[in-house]
Asker: 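Take a look at this one; I'll ask things after.
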Amino acid sequence: MKAVALKRYLPIANPESLLDVDLPRPAPQGRDLLVAVKAIAVNPVDTKVRAPKDKVEDTPRVLGWDAAGVVEAIGADVTGFKVGDQVFYAGDITRPGSNSEFQLVDERIVGHAPASLSVEQAAALPLTAITAWEALFERLRVPRKAEAASGKAPSILIIGGAGGVGSIAIQLAAKVAGLNVIATASRPESEKWVRELGAQQVINHFGDIPAQLKGIGFEQVDHVLILNDTDKHFPAAAQVIAPQGTIATIVENSAPLDVSLLKAKSAGFVWEFMFTRSMFQTPDMGEQGKLLNEIAALIDRGVLRTTLSKVLSPINAANLRQAHADLEGGRVIGKIVLKDF
Ligand SMILES: NC(=O)c1ccc[n+]([C@@H]2O[C@H](COP(=O)([O-])OP(=O)(O)OC[C@H]3O[C@@H](n4cnc5c(N)ncnc54)[C@H](OP(=O)(O)O)[C@@H]3O)[C@@H](O)[C@H]2O)c1
């Protein structure tokens, strides 16, 4: 089968950083699906795993953790899918990724693709939707709209609003949870994008966040979701979080964070890592398949929209190098997807 893989960890400008290779097609066992991959999305995790280092792989390593495709074959213990089903999923960071014509993935972390989307529109969603959903509804414990108390909508500050995760987090927070969403964006085009997705107020992540919030009438916010540069944004988040509120981040810090800043407010701090469930094979890993099905239903009902912003075709090393380079630039709006091998 065709695949794009690496053997050495090189800067993306090096033509050998990602290579077109031919690999044996795997066979499904147990709860695995064998999926014929039709479209893939790229994520910063791909560039972080690919980051230059001295290590050399004995066999080509396939990256990529976002796909939409069709079930080609199933393992003996699969119960939720049949051959021919259209699926979308992020996969498991400890296994080969989706940048190959066929991929094995555990059925518990797979969703049925939204019927109303094209394969490239569907591929844009899984990794970021799982991340945003788990961050909002499981880590921050934001109630869904139906469960929310009436009265003034609670507020959330989403730092890094126009990126892949922000683009779906804004929609979930505004349209599913009914929160007042204040998103950050630094350019006219990213500001326009986050407003279209449901952000009610927009401030700039390169400016003074507490001062800008005050300027638009918010002394404090009920929730903060940090989607970029935790080192820089944590102190501001601690300053603006409401007493007894919670801050969630999805981005690793490089220096220690001063959680004592949260003590007087009894404020909480929580991590979201969307690979936790598959990495540790937690008993509830099937929640990811369920939430992907809920995302698909929300898309098909017109509550949410895809976050796709750019399509490259075919899926090959040259196009993937381009997509990685774009992501490393830190200015992507929405999601870049590659389609067809
Ligand atoms: N823990 C997890 O499970 C998990 C899951 C997914 C992603 N992540 C991590 O989360 C981060 C974001 O992922 P993503 O896919 O959303 O990335 P992305 O799509 O590459 O994000 C690009 C956006 O980041 C914004 N941005 C750039 N510099 C910023 C800064 N200093 N502060 C705030 N925003 C800034 C830009 O907005 P402007 O153009 O408006 O400046 C741009 O639109 C990455 O580090 C990724 O590895 C973690």
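The structure displayed is predicted, hence computed values, not measured ones. One-based numbering, in listed order, for ligands and for the atoms of each. Reckoned from all heavy atoms, side chains included, excluding hydrogens, waters and symmetry mates.
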Asker: Could you say whether the N/O atoms of Asn43 and ligand 1 ever approach to under 3.5 Å?
Answerer: no
Asker: Looking only at distance, does Val251 have an N or O less than 3.5 Å from an N or O of ligand 1?
Answerer: no
Asker: Would you say Glu272 and ligand 1 have an N/O pair spaced under 3.5 Å apart?
Answerer: yes
Asker: Short list, please: which atoms of ligand 1 are under 4.0 Å from a heavy atom of Leu127?
Answerer: 5 (C), 6 (C)
Asker: Mind checking whether Ala162 contacts ligand 1 via backbone (N, CA, C, O), side chain (CB onward), both or neither, at a 4.0 Å heavy-atom cut-off?
Answerer: both
Asker: At a 4.0 Å threshold, what atoms of ligand 1 neighbour a non-hydrogen atom of Leu227?
Answerer: 10 (O), 11 (C), 12 (C)
Asker: Is there a nitrogen or oxygen of Gly166 sitting under 3.5 Å from a nitrogen or oxygen of ligand 1?
Answerer: no
Asker: Using a 3.5 Å cut-off on N or O atoms only, is Gly164 in polar contact with ligand 1?
Answerer: yes
Asker: Using the six-membered ring of Phe341, assess whether NZ or CZ of Lys2 lies under 6.0 Å from its centre and within 45 degrees of the ring axis.
Answerer: no
Asker: Between Gln121 and Ser118 (side chain of the first, backbone of the second, donor and acceptor by atom type, cut-off under 3.5 Å), is there such a pair?
Answerer: yes
Asker: Among all the protein's non-hydrogen atoms, which is closest to atom 38 (P) of ligand 1, and how far away is it?
Answerer: Ser186 OG, 3.4 Å
Asker: Is Lys335 in polar range of ligand 1, meaning some N or O pair under 3.5 Å apart?
Answerer: no
Asker: Checking the N or O distance criterion of under 3.5 Å, is ligand 1 in contact with Ile159?
Answerer: no
Asker: Any cation-pi pair here, Arg50 with Tyr9, using under 6.0 Å and within 45°?
Answerer: no
Asker: Among side-chain atoms of Gln239 and Gln220, is any donor-acceptor pair under 3.5 angstrom?
Answerer: no
Asker: What is the nearest protein non-hydrogen atom to atom 10 (O) of ligand 1, stated with its residue, atom name and distance?
Answerer: Ile250 CD1, 3.1 Å
Asker: To which protein heavy atom is atom 37 (O) of ligand 1 closest, and what is the distance rounded to 0.1 Å?
Answerer: His205 CE1, 3.5 Å
Asker: I need the nearest protein heavy-atom contact for atom 31 (N) of ligand 1: residue, atom name and distance, please.
Answerer: Phe206 CE2, 3.5 Å
Asker: Within the 4.0 Å heavy-atom shell around Ala185, which atoms of ligand 1 are there?
Answerer: 40 (O)
Asker: Can you pull out the closest protein heavy atom to atom 42 (C) of ligand 1? Residue, atom name and distance to 0.1 Å, please.
Answerer: Val332 O, 3.4 Å
Asker: Salt bridge between Arg108 and Glu287, side-chain N to carboxylate O under 4.0 Å?
Answerer: no
Asker: Can Lys38 and Asp340 be counted as an ion pair, charged N to O under 4.0 angstrom?
Answerer: no
Asker: How far is atom 15 (O) of ligand 1 from the closest protein heavy atom, and which atom is that?
Answerer: Pro44 CD, 3.3 Å
Asker: What protein heavy atom sits nearest atom 32 (N) of ligand 1, and how far off is it?
Answerer: His233 NE2, 2.9 Å
Asker: Could you check Arg331, Arg321, Lys310 and say which one makes a side-chain hydrogen bond (donor to acceptor under 3.5 Å, both in side chains) with Asp326?
Answerer: Lys310
Asker: Heavy-atom contacts under 4.0 Å between Lys48 and ligand 1: side chain, backbone, both, or neither?
Answerer: side chain
